Structure formats: C-alpha cells, structure tokens
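Heads up, the thing below is written out as structure tokens.
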There are 2 protein chains.
Amino acid sequence: MNAGLAPVRPESLAAQVCNALKDAIFAGRLQPGEALRELHLARSMDVSQSTVREALVQLERIGLVVREQNRRTTVTSFTKREVRERLEVRMALEEMAAAKAAVNLTREDLAALEGLADRIERAANRGDHFDYVQADIRFHRVLWQHSGSAVLATTLDQLTTPLFAFLSVLHSAELKDLRTAKPHERLVAAIRSRNEQRIRKEIRAHIQGSYGRFLSSDEETLDEFAAGGIRNVNGRGGSRKRR
Amino acid sequence: MNAGLAPVRPESLAAQVCNALKDAIFAGRLQPGEALRELHLARSMDVSQSTVREALVQLERIGLVVREQNRRTTVTSFTKREVRERLEVRMALEEMAAAKAAVNLTREDLAALEGLADRIERAANRGDHFDYVQADIRFHRVLWQHSGSAVLATTLDQLTTPLFAFLSVLHSAELKDLRTAKPHERLVAAIRSRNEQRIRKEIRAHIQGSYGRFLSSDEETLDEFAAGGIRNVNGRGGSRKRR
DNA sequence: AGAACAAGAATTATCGATAATCGATGGAAC
DNA sequence: GTTCCATCGATTATCGATAATTCTTGTTCT
C-alpha cells in the first residue's frame with residue numbers, strides 16, 4: 001500500500017528556530033564569537049524564550065554554538081588547534097567510512113556523487129562559496145550514509161558540521177579562489193576503483209587540501225583569521241586572552 | 001595567591017536532574033526501553049517540567065535516552081548491530097588516543113592508572129558490577145584526556161558513555177563473573193612499553209573482551225539480552241517489533 | 001466481528017511571567 | 001589611585017499554566 005511516501009511530521013518550532021540559526025551561521029550572518037541572546041532572538045523570531053533556548057541546546061549539540069552557564073551562548077569559534085584536532089579524528093573516520101561505502105555504493109549512487117561533484121565544480125567556477133560548501137557537505141554525507149554504519153555517519157556529522165560552517169565563512173571572508181584540482185572528481189574515481197589504499201589516500205589529500213591554508217597560517221582563532229584585514233566588526237570576538 | 005582552588009560554580013538544576021537520571025540508568029533503576037515522562041519526573045524530583053525537559057535533552061546528547069518528537073523519551077536500548085558499530089568506531093579512536101597518550105603520560109599518571117586498574121580488579125573480585133564499570137570509565141577517560149586532543153576525548157566520551165551504561169546493567173543482570181585476565185594491568189604494561197603496536201593490540205583485546213559475550217549472542221536488543229531468563233519486569237521494553 | 005469514527009485521557013510543546021545570576025558602573029574609604 | 005561595596009540593567013534559569021499532539025477506549029454502523 002505504501003508508495004514510498006515518507007511519514008509527514010512537521011518540524012517542531014524549536015527545530016525550525018534551530019535550522020534558521022544554522023543557516024544564518026553558515027551564511028555568515030552570525031559571525032564566530034557573536035553572542036546569541038535568548039530573549040532578543042525570541043522577540044525577533046516571534047517565539048517564546050524557552051523555544052529559542054531549546055534550539056540553542058540543539059545547536060550546542062551540533063557544535064555550532066557554545067553555551068556558558070549563566071553567562072551567554074556564542075557562535076563557536078575554533079582555535080587552530082581545535083580545527084587540527086577535529087581534522088585528525090575526521091580523517092581517520094572518513095577513511096573508514098569511504099572504504100566501507102565503496103563496497104556498498106551502487107551505480108546510481110556513484111552517479112549521484114558525480115552529480116554533486118559537478119555541482120561543486122560549478123559553484124567553484126562562479127565563486128559561490130555558500131553553495132560550494134552545501135554541496136560539499138552533501139557529497140560527504142552520501143559517503144557516510146552508505147558506509148552501513150549509522151554510528152559512523154552521525155559521529156562524522158557531529159564532528160564535521162561546525163568545520164563546514166567555518167570553512168564556509170572562511171572562504172567567503174577571504175574570497176578564496178575555489179577552483180582547485182577537482183578533488184571530488186578524483187575521489188569518485190578512486191571509489192570507483194574499489195581500491196582501498198587509493199581511496200584512503202584521496203580522502204586525506206582532499207581534506208588537507210580544503211583546510212591547508214588555514215592550518216599553516218599563524219592566527220590563533222578562526223574568526224581572527226577570517227577578520228584579518230577585511231573587517232573588524234565591533235570589537236567582539238577573538239579578544240579573550242590566551243594565557 | 002591562588003592555592004589551587006577550583007572555581008566554584010554550582011550545577012544548574014537541570015544538570016542535577018540530568019546527573020540523577022544518569023546514575024539511575026547506570027545503576028539499572030531505569031531499564032533500557034523504559035519511558036521517562038516529563039511531568040512525572042518533575043513531580044517526583046520537585047522541579048518544573050521545563051527543567052526536566054532540558055535534562056532529557058542533555059541526556060539525549062550523551063546518548064543515554066532517545067527522544068521521539070511529540071511522543072516520548074525512552075532509555076536508549078541498543079540493537080546488537082548498533083553496539084557493534086559503536087565498538088568499531090570506538091576501537092579506531094581508542095587506539096589513536098592510547099597511542100598519543102603513551103607519549104604524554106607522566107610517571108604519576110601511570111601510577112594513577114595502576115591505581116584504577118587495581119580498583120577495577122578489586123571490584124571484580126568482590127563482584128561489584130557498579131563500581132567495576134565506574135572505575136573502568138575513569139580508567140579510559142584518563143587515557144583520553146592525556147591524548148592531548150580534547151576533540152578525541154569528547155568524541156570518545158559521547159560514543160562510549162552509553163556503552164558503559166549498558167555494559168553495567170548487562171553485567172549485573174546476568175551476574176557475570178568479572179574476573180578476567182586482568183586486561184587493565186596488561187594495558188598499563190603495554191603503555192609503559194611505549195610500543196605503539198603493542199598498545200593497539202591490547203586495546204583491541206581489552207575492548208573485545210568486554211563485549212565479546214554480547215556480540216556473539218543472538219538476542220537482538222540489549223535489554224532483551226539482559227532480561228533473558230532473569231526478570232520480566234512488567235511487559236515494557238523490547239516489545240516494539242522488528243519489521 | 002471489523003472498520004470508521006468520536007470523545008477522553010495522557011503527554012509533550014509552547015508560552016509568558018518571575019527568580020536568580022552576572023557584569024558593569026560609580027562612589028566611598030583608605 | 002586602588003580596593004571594596006552597593007546598585008542597576010541585562011540575561012539566563014526556572015516555574016506554572018495553556019495549547020497541541022498522540023494514544024486509548026468505547027461506540028456505531030455495516
């Protein structure tokens with residue numbers, strides 16, 4: 001009787017608020033380090049404080065904001081060190097996921113991946129940083145979801161979502177030239193080959209390529225990096241001291 | 001001026017509720033699959049529903065409960081498959097953490113580890129399942145925290161906490177004989193040797209030893225497994241059907 | 001009996017208001 | 001000038017009440 005209809009279950013208000021904020025963060029309308037005040041958000045989005053609050057807790061779980069007890073909650077701002085740490089763990093798991101996915105992916109899946117790689121390519125050519133990152137996320141999510149391990153998929157998701165967010169603002173802040181060596185195409189080719197070693201190698205190269213510039217720079221926090229020379233919005237962010 | 005006093009910041013009500021529930025889950029007073037009703041908990045713990053609600057969200061983040069939109073929230077009950085998935089990811093990361101920690105651990109740290117290994121040993125001998133698991137957690141946390149990667153530590157924590165919880169109820173349910181081949185002592189010895197391969201090997205052996213019985217059994221969910229033959233509390237739990 | 005439907009009970013989601021906490025500011029005491 | 005203290009505005013934490021949803025049960029109609 002079921003004709004492939006997904007069960008409809010409208011999002012809760014809190015989830016909607018959460019998504020709206022997530023988009024704002026990815027789009028850079030909320031900058032790393034910026035404070036999110038519950039009542040302000042509640043008023044401007046026309047919901048109650050508790051709803052916003054719950055959304056913020058969700059965002060904290062995703063890693064996009066940091067809540068400080070009795071103080072405030074701010075958009076996550078990574079130190080270089082933390083980006084490195086995340087990338088290290090990510091690489092290990094991403095390799096695992098890609099190797100597993102290579103076994104499971106059908107011809108259609110591979111075609112879908114190439115579609116995404118193509119979309120990424122086009123976004124890069126026209127300098128659309130936002131769409132670039134969105135498609136990039138989807139590309140990787142496809143791999144994760146076909147790894148056959150839900151745990152692996154969600155772990156990677158948690159680990160990576162904030163990285164993507166900051167990669168996004170990072171790119172647009174420095175007007176990075178996105179046209180690189182078609183890393184996604186290369187990756188798909190590697191997966192097609194079903195050669196585990198080759199896949200692992202491409203994964204590493206791919207990830208390192210995306211973050212290399214930041215990791216080899218000297219700025220301590222990502223928002224300082226993004227702000228470098230371009231903007232200095234209003235004295236917030238990145239001003240807390242290193243000991 | 002500072003004489004090593006930690007900054008005092010009393011836990012929020014929600015956090016207290018969260019901890020209380022966590023303990024109850026670890027102690028088995030809340031069984032896998034059991035439903036947690038917000039208002040009931042609020043009344044019995046004398047806080048408001050919202051506070052309980054927030055605590056439940058926190059617990060969900062840790063992975064100890066599952067919240068279903070507009071329905072209910074239940075204590076997490078893993079399928080065998082999910083336990084396997086978690087263990088697989090865990091092993092990869094735990095190896096990484098142990099290898100890194102081996103470089104950083106001081107003589108004092110190693111002594112602390114041996115203290116914990118000893119405590120585990122004693123708990124095993126007197127059949128104290130609860131303390132066994134608590135010390136086991138601490139043991140591993142020490143390793144994670146000395147890995148030098150906060151990301152690695154929190155990822156492992158998220159991944160593993162629910163496993164420990166269910167290991168705990170599992171053990172006490174089946175009155176497992178805890179006296180095994182002193183895996184923690186072996187692990188400490190391996191770390192002392194600073195031999196990466198040996199460390200990785202012991203880590204794998206250690207983890208597989210803890211879960212081997214469950215992974216090779218036939219029951220589908222952990223609570224069915226725990227309930228097998230011993231109790232059948234009151235018809236709840238594990239009754240939702242496989243398709 | 002079985003399907004369709006209609007209350008009714010139970011539970012979660014959301015709200016608006018109050019309490020607790022924090023950080024800044026400014027003045028008094030030394 | 002610096003330390004201490006009091007106060008105030010802003011923000012988060014918690015509460016109690018209401019709205020919306022889901023689940024259950026009972027009834028009617030076939």
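In this text the structure is predicted, and so the values were computed from the model without any measurement. The sequence lines fix the lettering, A, B, ..., with proteins before strands; numbering per chain opens at 1.
For Asn70(A), the side-chain atoms get nearest to dT21(C) when compared with the rest of dG16(D), dT12(C), dT21(C). Out of dA13(C), dA13(D), dC15(C), the shortest distance to the side chain of Thr51(A) is found at dC15(C). For Ser48(A), whose side chain is taken as the heavy atoms from C-beta onward, the closest listed nucleotide among dA13(D), dT12(C), dG16(C) is dG16(C). Looking at the side chain of Val47(B), the nearest of the listed nucleotides dC15(D), dC15(C), dA13(D) is dC15(D).
No salt bridge links Glu88(B) with Arg84(B); every basic N to acidic carboxylate O contact stays at or beyond 4.0 Å. Under 4.0 Å is where a charged nitrogen must lie from a carboxylate oxygen, and between Arg67(A) and Glu54(B) at least one such pair does.
Following rounding to the nearest Å, Arg53(B) (CZ) and dA13(D) (P) show an atom-to-atom distance of 16 Å. The nearest whole Å value for the distance from the CE atom in Met45(A) to the P atom in dT14(C) is 13 Å. Taking atom CG on Leu56(B) and atom P on dA13(C), their separation rounds to 10 Å, with Å as the unit. At whole-Å resolution of the value, CD in Glu11(B) and C1' in dA13(D) are 14 Å apart. In this structure, Glu68(A) places its CD atom 16 Å from C1' of dA13(D), rounding to the nearest Å. Rounded to whole Å, the distance from CD on Gln49(B) to P on dT11(C) is 11 Å. Atom pair Leu41(A):CG and dG16(C):P shows a separation of 16 Å (rounding to whole Å applied).
Side-chain contact between Ile137(A) and Phe26(A) is present, with at least one heavy-atom pair separated by less than 4.5 Å. Contact of the Arg90(B) side chain with the Ile207(B) side chain is registered, since non-hydrogen atoms from C-beta on lie closer than 4.5 Å.
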If you restrict it to nitrogen or oxygen atoms, what contacts under 3.5 Å exist between nucleotides 5-10 of chain C and the protein, and what is each distance?
none

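Under 4.0 angstrom from either OP1 or OP2 of dT22(D) there lies no side-chain N or O belonging to Arg72(B). Taking 4.0 angstrom as the limit, Arg71(B) places a side-chain polar atom (N or O) nearer than this to OP1 or OP2 of dC23(D).
Residue Leu13(B) is classed as a sugar-phosphate contact, given heavy-atom separations below 4.0 Å to backbone atoms only. Among the protein residues, Leu36(B) comes within range of the sugar-phosphate backbone only, with heavy atoms under 4.0 Å from sugar or phosphate atoms but none that close to a base. Counting any heavy atom pair closer than 4.0 Å across all strands shown, Glu54(B) reaches no nucleic acid atom.
The aromatic rings of Phe78(B) and Phe166(B) sit perpendicular, their planes meeting at an angle over 60°, well past the 30° parallel limit.
Both Pro10(B) and Arg43(B) lie close to DNA chain C; mapped to their nearest nucleotides by heavy-atom distance, the more 5′-ward contact belongs to Arg43(B). Of the residues near DNA chain D, Thr73(A) and Ser50(A), the one whose nearest nucleotide (by heavy atom distance) lies more toward the 5' end is Thr73(A). Nearest-nucleotide positions on DNA chain C for Leu39(B) and Gln69(A) put Leu39(B) closer to the 5' end.
Within the structure, salt bridge (Lys or Arg N to Asp or Glu O under 4.0 Å) pairs that include any residue of residues 35-47 of chain B comprise Glu38(B)-Arg53(B) (at least two apart or interchain).
No donor-acceptor contact under 3.5 Å links the side chain of Glu38(B) to the base of dA13(C).
In summary, the side chains of Asp157(A) and Thr154(A) do not present any donor paired with an acceptor at a separation below 3.5 Å, with no hydrogens or angles considered.
For the pair Thr155(B) (side chain) and Val151(B) (backbone), a donor-acceptor distance under 3.5 Å is present.
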